[in-house]
Amino acid sequence: MAALEQVQFAASILSADFTRLGEQVEEALKAGITRIHVDVMDGLFVPNLSLGSGAVIALQVLRKKYAAQIYAHLMIADPDRYVADFVQAGVDGIIVHIEACSHPFQTIRSIRSLGVRAGLALNPVTPLIMLEEIMAEVDLVLIMSVEPGFGGQEFIQGSLDKIARLHRLLVQNNLKHVKIGVDGGIHLSNAVAVANAGAQILVAGSEIFNLRAPVSENVHALFTRLRLPSSSG
Ligand code: DX5
Ligand code: ZN
């Protein structure tokens with residue numbers, strides 16, 4: 001099980017106020033967020049449309065200023081077509097869906113050959129067995145705890161058991177360095193349980209960017225819940 005202090009939150013900008021995207025992301029970074037999660041949707045693999053590599057380019061100034069990482073979560077069919085684009089835009093990692101890749105080894109290898117981290121996402125219905133042959137080649141497995149496509153959905157409870165089983169599978173195969181990320185429906189109410197199940201990267205969108213409270217307050221609340229040190233800036 002991952003020690004709680006090793007847990008990292010990734011801020012999904014999907015729920016941010018796009019009229020003030022830079023301002024909101026900077027507020028999150030100042031509060032201690034170190035990873036930005038950019039959700040890319042094509043209206044085909046998922047029913048929604050969202051951001052492209054332009055968002056990654058726009059965030060470069062903040063990425064450098066705060067030494068933050070940007071991961072692109074490609075919820076798109078045939079993601080190979082856009083890997084080079086996102087690397088060029090300045091990502092630290094690219095996450096593709098196993099369900100969207102015809103040749104996952106090729107896709108993962110091409111992402112890594114371009115010098116960035118490679119992540120593989122699994123939809124809620126996709127069993128862990130799909131990973132067995134390829135898990136040694138990835139840097140990150142992203143367990144989707146909602147159906148991909150929209151922010152603000154309810155966490156699928158069965159994901160907790162799936163995370164725990166993935167954690168065991170990685171340990172059994174001497175792959176503890178492969179990170180477990182979880183994406184969707186993460187809130188103050190379940191963040192500790194998700195981390196305790198074995199996740200190291202918790203992607204949070206609507207819990208960080210919402211109309212209830214300022215971004216910095218939301219980040220501090222999450223950090224406090226996990227007893228992580230947060231910055232006061
Ligand atoms: C879902 C996206 C998630 C989502 C998270 O398709 O991949 O990253 O934006 O948002 P919340 O935290 O609101 O579920
Ligand atoms: Zn995502």
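Computed over heavy atoms, backbone and side chain alike; hydrogens, waters and symmetry mates excluded. One-based numbering, in listed order, for ligands and for the atoms of each.
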Give the atom name of whichever N/O/S atom in D39 sits closest to the Zn ion (ligand 2).
-> OD1
Atom 14 (O) of ligand 1: which protein heavy atom is closest, and how many Å away?
-> G185 N, 2.8 Å
Distance filter under 4.0 Å to P148 heavy atoms, resulting ligand 1 atoms = 6 (O)
Passes side chain to side chain contact (heavy atoms under 4.5 Å, CB included), R20 versus V25? Steps please.
-> CA-CA 9 Å; R20 315 186 284 126; V25 169; over 6 Å; no
Proximal ligand 1 atoms for H73, defined as those under 4.0 Å from one of its heavy atoms = 7 (O)
Which atom, counting only N, O or S, brings H73 closest to the Zn ion (ligand 2)?
-> ND1
List every atom of ligand 1 that sits less than 4.0 Å from any heavy atom of G149, numbering the atoms from 1 in the order shown and giving each element.
-> 1 (C), 6 (O)
L14 N/O to ligand 1 N/O under 3.5 Å = no
Go through ligand 1 atom by atom and flag the ones less than 4.0 Å from a non-hydrogen atom of M41.
-> 6 (O)
Charged N-O contact under 4.0 Å between E26 and K65 = yes
With atoms numbered from 1 as shown, which atoms in ligand 1 lie under 4.0 angstrom from a non-hydrogen atom of M144?
-> 7 (O)
What is the closest protein heavy atom to atom 13 (O) of ligand 1, and at what distance does it sit?
-> S206 OG, 2.6 Å
Under 4.0 Å from any heavy atom of G184, which atoms of ligand 1 are there?
-> 14 (O)
Restricting H37 to its N/O/S atoms, the closest one to the Zn ion (ligand 2) is NE2
For atom 12 (O) of ligand 1, the closest protein heavy atom turns out to be G205 N, 2.8 Å
Please tell me if the side chains of F86 and L74 come closer than 4.5 Å, counting only heavy atoms from C-beta onward.
-> yes
A student checking ligand 1 against H37 at a 4.0 Å heavy-atom cut-off should list atoms 8 (O)
Is G152 in polar range of ligand 1, meaning some N or O pair under 3.5 Å apart?
-> yes
Indicate yes or no for a side-chain donor-acceptor contact from N190 to the backbone of I186 under 3.5 Å, with no hydrogens or angles considered.
-> no
Under 3.5 Å, is there a donor-acceptor pair between the R109 and Q106 side chains?
-> no
Protein residue, atom and distance nearest to atom 3 (C) of ligand 1, heavy-atom basis | D183 OD1, 2.9 Å
Cationic tip of R35 within the cone over F9's six-membered ring, i.e. under 6.0 Å and within 45° of the normal?
-> no
Starting from atom 1 (C) of ligand 1, find the nearest protein heavy-atom neighbour and note its residue, name and distance.
-> F150 O, 3.6 Å
Taking heavy atoms and a distance under 4.0 Å, where does S12 meet ligand 1: side chain, backbone, both or neither?
-> side chain
Trace of the ring pair (Phe, Tyr, Trp, His ring centres under 6.0 Å) decision for H187 with F155 | CA-CA 9 Å; H187 295 285; F155 184 85; 9.0 Å; no
Neighbour count >12 (heavy atoms, 6.0 Å) for atom CZ, F45 = yes
Name of the D183 atom (N/O/S only) found closest to the Zn ion (ligand 2) | OD2
Determine, step by step, whether F18 and Q24 satisfy the side chain to side chain contact (heavy atoms under 4.5 Å, CB included) criterion, reporting the C-alpha distance in whole Å, the side-chain angles of both residues, the deciding distance to 0.1 Å, and the verdict.
-> CA-CA 9 Å; F18 286 169; Q24 290 215 318; over 6 Å; no
For M75, take its heavy atoms, then give the atoms of ligand 1 lying under 4.0 Å from any of them.
-> 6 (O), 7 (O)
H177/D139 under side chain to side chain donor-acceptor pair (under 3.5 Å): CA gap, chis, key distance, verdict | CA-CA 8 Å; H177 58 277; D139 298 295; over 6 Å; no
Regarding D39 and S50, is there a side-chain donor-to-acceptor distance under 3.5 Å anywhere?
-> no
Evaluate the side-chain proximity of Y71 to I94: yes if any heavy-atom separation is below 4.5 Å, no if none is.
-> no
E207 touching ligand 1 at heavy-atom level, < 4.0 angstrom | no
Indicate whether the side chain of H103 and that of D80 have a donor and an acceptor atom separated by less than 3.5 Å.
-> no
Please confirm whether E147 comes within less than 3.5 Å of ligand 1 when only nitrogen or oxygen atoms on both sides are compared.
-> no
Please determine if S15 has a nitrogen or oxygen closer than 3.5 Å to a nitrogen or oxygen of ligand 1.
-> no
Hey, are Q8 and T34 close enough side-chain-wise for a donor-acceptor pair under 3.5 Å?
-> yes
